[in-house]
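Right, one structure below, let's go through it.
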Amino acid sequence: MSKYNYNRIKEFLAKRGRSNIELAEHIGVTEQSVSAWCTNAKQPTVDKLFRIAEFLEAEAGELLTVKKELKVLKGKR
């Protein structure tokens with residue numbers, strides 16, 4: 001189990017007024033899987049992470065870290 005209690009999937013579900021059940025149905029997994037993701041007991045696969053982001057109208061990167069920790073990468077010119 002993760003040492004972190006903070007969970008972005010859980011946060012976005014609350015912000016969007018969506019439930020674990022709705023997300024589970026959209027992704028095609030069990031509610032228990034979503035619950036495990038929201039408690040940091042397990043993490044979704046990368047393909048599921050992108051489907052979760054689509055459902056939550058978010059960028060996949062936003063679900064991985066706190067927004068203030070996101071950095072814009074500048075390409076070499």
Side-chain angles (χ1 to χ4, degrees):
M1 183 177 299
S2 173
K3 64 182 176 177
Y4 301 106
N5 291 325
Y6 190 73
N7 186 280
R8 299 285 287 170
I9 295 172
K10 184 176 179 178
E11 175 189 0
F12 271 86
L13 281 168
K15 281 182 179 179
R16 303 291 192 251
R18 307 304 290 268
S19 70
N20 288 13
I21 295 170
E22 290 173 308
L23 176 57
E25 289 174 354
H26 179 80
I27 302 284
V29 299
T30 65
E31 184 183 351
Q32 290 79 11
S33 291
V34 174
S35 179
W37 300 336
C38 289
T39 59
N40 294 324
K42 293 184 179 182
Q43 297 303 316
T45 61
V46 173
D47 63 315
K48 285 187 176 58
L49 180 68
F50 280 95
R51 293 175 66 198
I52 293 166
E54 177 186 352
F55 176 78
L56 295 174
E57 299 173 3
E59 295 293 326
E62 292 179 283
L63 300 176
L64 298 173
T65 187
V66 180
K67 188 168 185 155
K68 68 180 180 181
E69 295 175 3
L70 291 175
K71 294 181 179 20
V72 176
L73 298 177
K74 295 182 181 178
K76 294 181 181 179
R77 295 179 189 229

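Nothing here was measured: the structure is a model prediction, and the numbers come from that model.
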Worksheet item: Say you draw a straight line from CG of Asn20 to OG1 of Thr30; how long is it, rounded to the nearest 0.5 Å?
Response: 10.5 Å
Worksheet item: Which distance, rounded to the nearest 0.5 Å, do you find between the CG of Leu56 and the CG of Leu63?
Response: 6.0 Å
Worksheet entry | Spatial distance of atom CH2 (Trp37) from atom CD1 (Ile27) [nearest 0.5 Å] | 5.5 Å
Worksheet, complete the sentence: To the nearest 0.5 Å, atom NZ of Lys10 lies from atom CG of Leu23 at 14.0 Å
Practice prompt. Would you sort out whether Phe55 and Arg16 count as a side-chain contact (heavy atoms from CB on, under 4.5 Å), showing the intermediate values?
Written response: CA-CA 10 Å; Phe55 176 78; Arg16 303 291 192 251; over 6 Å; no
Practice prompt. Hey, could you give me the CD/CD distance between Glu62 and Glu57, rounded to the nearest 0.5 Å?
Written response: 11.5 Å
Discussion item. Are Leu64 and Phe12 connected into the same hydrophobic cluster when the rule is that any two of I, L, V, M, F, W, Y join if their side-chain heavy atoms are below 4.5 Å apart?
Written reply: yes
Worksheet item: Between the main-chain N or O of Glu31 and the side-chain N or O of Ser35, is there a donor-acceptor pair closer than 3.5 Å?
Response: no
Fill in: Closest heavy-atom pair and its distance - His26, Arg51
O-NH2, 3.5 Å
Worksheet item: To the nearest 0.5 Å, what is the distance between CZ (Arg18) and CD1 (Ile9)?
Response: 14.5 Å
